[in-house]
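Letters go in sequence order (proteins before strands), and every chain restarts at 1.
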Amino acid sequence: MNDKNNSTGKETADSSSLNFIEQIIQEDVRAGKNHGRVHTRFPPEPNGYLHIGHAKAICLDFGAAEKFGGKCNLRFDDTNPMKEETEYVDSIKEDIHWLGFDWEDREFYASDYFDRLYDFAVDLIQRGLAYVDDQSSEQIAAQKGTPTKPGTESPFRNRSVEENLDLFTRMKSGEFSEGTHVLRAKIDMASPNMHMRDPVIYRVVNRAHHRTGNKWHVYPMYDFAHGQSDYFEGITHSLCTLEFEVHRPLYDWLVDRLRTDDYRPRQIEFNRLNLTYTVMSKRKLQELVEEKLVDGWDDPRMPTISGLRRRGYTPESIRNFVKTIGYTKVEAINDFALLEHAVRDDLNIKAPRVFAVLNPVKLIITNYPEDRVEEMELINNPEDEAMGSRRVPFSRELFIERDDFMEDPPRKFFRLGPDREVRLKGAYIIRCTDFVKDPDSGQVTEIHCTYDPDTKSGGTAAGRKVKGTLHWVSAPHAFDAEVRLYDRLFNNEDPMGQKGHDFKDFLNPDSLQVLKNCKLEPSLSEAKPGEKFQFQRLGYFCVDKDSAPGKPVFNRTVPLRDTWGRMAKK
RNA sequence: UGCUUCGUGGUGUAAUUGGCAACACGUCUGACUCUGAAUCAGAAGAGUCCAGGUUCGAGCCCUGGCGAAGCAACCA
């Protein structure tokens, strides 16, 4: 065992803020278990990209360690060379760091322990606690029984130690082909727990491993690697999701046969993260990627860490979200609105305000001089004075949002309409005097207004009130951009939970909407991929990685709360 | 007809020696506002799966039901 002597855990947290797992840890520390040490681990399999469910685990593994003055290891659970690749190792490390956590120099791999695990398997054979089974997986499965019926014993269960040792050695040396032999722990074929019915602990795999190459022809199963790896690393609390609950007796059985002292890692399970209108299993997400139903693992509609990052989510917002939803043993489905609230909350403070017109319509101020341009001063963020202000050009021809004008507005509409007044934010109050419609489509193509020169923001009559305030851009100064609007990936709250349906039946056909000719204020022309803004009155947006000089692309992270939009829908 | 775990507003959580069911999101009002945002103030919404029991008093303890999830990969 290495690394078992880090500093004694100290209780920094007030117990009212501790989740049930942290409370257990606190009790263990108080009771002096493992000398009051707290050491956790985050153990991803490098077979795909991390999603927000992993973020929940990461926050707990690293967070709990930090709360009690302990440490958290990163350990890649790489026991299956069929599925694992170095590419995934790199993305996982990037995502953890981005979320704001650090494993320092403690980057481990289950494959680091292959020799020790093999020796332990040999030890079990010598103690009569493991045997080589020559049967096919079908035969073994048939003998396993069912949850309600006990299993039957393998005909190879009582082989001699010598024969088992010989066979296992030959498995290791590559003499056998895949599927012909396995090593099983000899426990209890009648156990009410299926996992205790002589579980397979080693299988033959004749394939290169991403780290150990062709050294091995036998690989340990998850159950034969996880608890032991925890033990080797001096882990005190091994936190995992609920589906491993039934594995715990096996975890303990193996650790108890491995350990040589009082120290013992403790597995505790918590509920998985589920979100409405999306799916969270790595396999399902992979399906979406492979069938090209999304743009890749980092498609902004994906609940992956890389997808959320590209969508414009901040690490803080994800951590705050995770804090809000908590850890219990209840199978819960969390409302996506909670996540959206978390980003808005964070971006409200951080994101500079800018003007962008997504669905532009031309507005002409007929009494404004043709060649005049004013530089209007706009506050960058009313929530943070330190973010200062910027100058935005204003001229006779502007673009405003098509939605902000109605030919025949209803009572509660307080934007622009014939003979109505409205303020152009940071500029003047204008009155609509006329508008032009395309005779064929019936679409409004031009809105004519007059402005009141006395009402300039900050000017003498600036105090006059009008009900509506619109954002705008100066037509000759604005530049074009592509803006991608995202909606929920699925139409159904719980696409996985619908009996008789494939989850893909519920894909939302309108989850991506691409707007090509959006008009952005000039200050945005320098924005770099990843930069985040509030498009005033619309939502939070960020520059996409597809963005190139002269070909800007923005993603909508989340719209602003919109009580008008909700009213209008009714 | 097994084992393990879980049932608290619409959703997620809290209520920790039994003591007025609390918070967040969402929803709806209102105030403010040069963002129909943010902010502020307020409202509606559960009597804790059901039935018994113990107790002055039960979400919490006991008994019995009901319901849900996980478990039968040589995946993790």
Name every residue in [range] that has at least one heavy atom under 4.0 Å from any atom of RNA chain B, in order of residue number, or write none if there are no such residues.
| range | answer |
| --- | --- |
| residues 382-394 of chain A | A:P382, A:E383 |
| residues 187-202 of chain A | A:P192, A:M194, A:H195, A:V200 |
| residues 270-279 of chain A | A:N271 |

Expected rows: protein N/O vs nucleotides 40-49 of chain B N/O, under 3.5 Å:
none

Checking [X] now: which residues fulfil salt bridge (Lys or Arg N to Asp or Glu O under 4.0 Å) with it, not counting sequence neighbours?
| X | result |
| --- | --- |
| A:D28 | A:K33, A:R266 |
| A:R211 | A:D112 |
| A:R411 | none |
| A:D188 | none |

Which residues share a side chain to side chain donor-acceptor pair (under 3.5 Å) with A:R402, sequence neighbours left out: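 For A:R402, no residue satisfies side chain to side chain donor-acceptor pair (under 3.5 Å) once neighbours in sequence are set aside.
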Qualifying residues under side chain to side chain contact (heavy atoms under 4.5 Å, CB included), relative to A:M387, sequence neighbours excluded: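 So A:M387 forms a side chain to side chain contact (heavy atoms under 4.5 Å, CB included) with A:P352, A:N380, A:N381, A:D384.
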Is there a donor and acceptor pair closer than 3.5 Å between the side chain of A:R537 and the base of B:rG36? no
As a check on the pairing definition, encode RNA chain B in dot-bracket form, counting Watson-Crick and G-U wobble pairs whose two distances are under 3.5 Å, and using | for partners outside this strand. .((((((..((((.....[..)))).(((((.......))))).....(((((..]....))))))))))).....
A:F535: which residues meet the ring pair (Phe, Tyr, Trp, His ring centres under 6.0 Å) condition with it, sequence neighbours left out? A:F541, A:F554
